[in-house]
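One structure is given below, encoded as structure tokens.
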Amino acid sequence: MSVRLYFSRTAAGYVAAAWSERGLLGLSFPQATREEARALLAAGGVPLSGAAAGAGEEELHLLLEENLRAYFAGRAVDFSAVPVDFSPYTPFVARVLEFVRSIGYGELWSYGQVAAALGVPGAARAVGRALGQNRTPLVVPCHRVLTREGGLGGFSGGLDLKRRLLELEGHRPGPGGRYQLTKVFCVG
């Protein structure tokens, strides 16, 4: 697989993006340096051996870069025009990630709601494990998925970053540090 590597500088720091022929393969959280952003991608399992530096001004990367800059400047962003390469994942993980990708800016769902929407009620933990494999955060907004009580749950970037991302999108925790889910989903 041919992988091209690009870097974007945002208000939050440098972000590394790995692209395959199929789309975005990996995206780092913002880091202080380009080297740290690249290392974070590699640590997350994105195949970077032999990755070439991005050549030229690729249209898709420019779109991603523009969206990232807007997002970290506090503006509502829709990343749906950025193609994602889900080929490295198992079918279940890809299905979860593809669904979570549709969760809009400012919406908060629970792991259980995602499982129910996928037709596998009771699979909240499996959804959480699947989200833990997400290599394209923000574009696949796994930070918008919480526990059924509105707790943070887990996050590969750390809970402090998850809190900051939620705050950037206008969410503040209520009593007990819980967030209000914005999605109401009834099964049955």
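Annotation: the span from Leu24 atom CG to His61 atom NE2 amounts to 9.5 Å, rounded to 0.5 Å. The SG atom of Cys142 lies 11.5 Å from the CD atom of Gln133; values are rounded to the nearest 0.5 Å. Atom CZ in Arg144 sits 8.0 Å away from atom CD1 in Ile103 (nearest 0.5 Å). Here the CZ atom belonging to Phe155 is positioned 11.0 Å from the CG atom belonging to Asp160, to the nearest 0.5 angstrom. Once rounded to the nearest 0.5 Å, the distance linking CD of Glu65 with CZ of Phe7 reads 12.0 Å. Here CG of Asp85 is found 9.5 Å from OG1 of Thr136. Values are rounded to the nearest 0.5 Å.
A donor atom on one side chain and an acceptor atom on the other are found under 3.5 Å apart for Glu169 and Tyr71. Side-chain contact of His171 with Gln180: a donor-acceptor pair under 3.5 Å is absent, judged by distance alone.
Side chains of Val100 and Asn134 form no contact here, defined as non-hydrogen atoms less than 4.5 Å apart. For the pair Leu131 and Val145, the minimum side-chain heavy-atom distance is below 4.5 Å. Looking at Leu97 and Phe92, their side chains never come closer than 4.5 Å, going by heavy atoms from C-beta outward. For the pair Leu40/Glu35, no side-chain contact is recorded, criterion being any heavy-atom separation below 4.5 Å from C-beta on. No side-chain heavy atom of Ser110 sits under 4.5 Å from any side-chain heavy atom of Leu146. Counting heavy atoms from C-beta outward, Leu27 and Leu64 have side chains that approach closer than 4.5 Å. Side-chain atoms of Val93 and Thr90, non-hydrogen and from C-beta on, do get closer than 4.5 Å to each other.
When all heavy atoms are compared, the tightest approach of Ala12 to Phe72 is CB-CD2, 3.5 Å. Nearest heavy-atom pair, Tyr111 versus Thr147, reported as atom, atom and distance to 0.1 Å: CE1-N, 3.7 Å. Nearest heavy-atom pair, Leu118 versus Phe99, reported as atom, atom and distance to 0.1 Å: CD2-CB, 3.7 Å. Across every non-hydrogen atom of Trp109 and Ala117, the tightest pair is CZ3-CB, 4.0 Å. Across all non-hydrogen atoms, the minimal contact from Tyr179 to Leu108 is CB-CD1, 4.0 Å. When every heavy atom of Leu63 is checked against every heavy atom of Ala81, the shortest pair comes out as CD2-CB, 3.7 Å.
Residues Tyr14 and Phe29 keep their aromatic ring centres 6.0 Å or farther apart.
No side-chain donor-acceptor contact under 3.5 Å links Arg148 to the backbone of Gly112. Under a 3.5 Å cut-off, the side chain of Arg22 and the backbone N or O of Val84 do not form any donor-acceptor pair. Counting only distance, with no hydrogens or angles, the side chain of Thr10 and the backbone of Gly13 share a donor-acceptor pair below 3.5 Å. Within the 3.5 Å criterion, the main-chain N or O of Ala16 finds a donor-acceptor partner in the side chain of Ser28. In this structure, the side chain of Lys162 engages the main chain of Gly154 through a donor-acceptor pair within 3.5 Å. Panel note: side chain Glu36, backbone Ala32; a donor-acceptor pair is recorded below 3.5 Å.
Within 6.0 Å of CZ in Arg178 there are more than 12 heavy atoms belonging to other residues, nucleotides or ligands.
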Q: Output, in order, the C-alpha distance, side-chain angles, deciding distance and verdict of side chain to side chain contact (heavy atoms under 4.5 Å, CB included) for Arg135 and Tyr89.
A: CA-CA 10 Å; Arg135 295 177 178 173; Tyr89 303 106; 3.3 Å; yes

(Q) The test is side chain to side chain contact (heavy atoms under 4.5 Å, CB included); show your working for Leu41 and Leu5 and say whether it passes. (A) CA-CA 10 Å; Leu41 269 188; Leu5 189 60; 3.8 Å; yes

(Q) Show, in sequence, the C-alpha distance, side-chain angles and deciding distance for Val140 and Phe86, and conclude whether the side chain to side chain contact (heavy atoms under 4.5 Å, CB included) test is met. (A) CA-CA 11 Å; Val140 176; Phe86 291 109; 4.2 Å; yes

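Among Gln113, Glu149, Glu107, the one residue that satisfies the side chain to side chain contact (heavy atoms under 4.5 Å, CB included) test with Leu181 is Gln113.
Between Glu167 and Arg163, none of the side-chain N atoms (NZ, or NE/NH1/NH2) sits under 4.0 Å from a carboxylate O, so this pair counts as no salt bridge.
Scanning for salt bridge (charged side-chain N to carboxylate O under 4.0 Å, His left out) contacts around Asp78 gives an empty result, with sequence neighbours left out.
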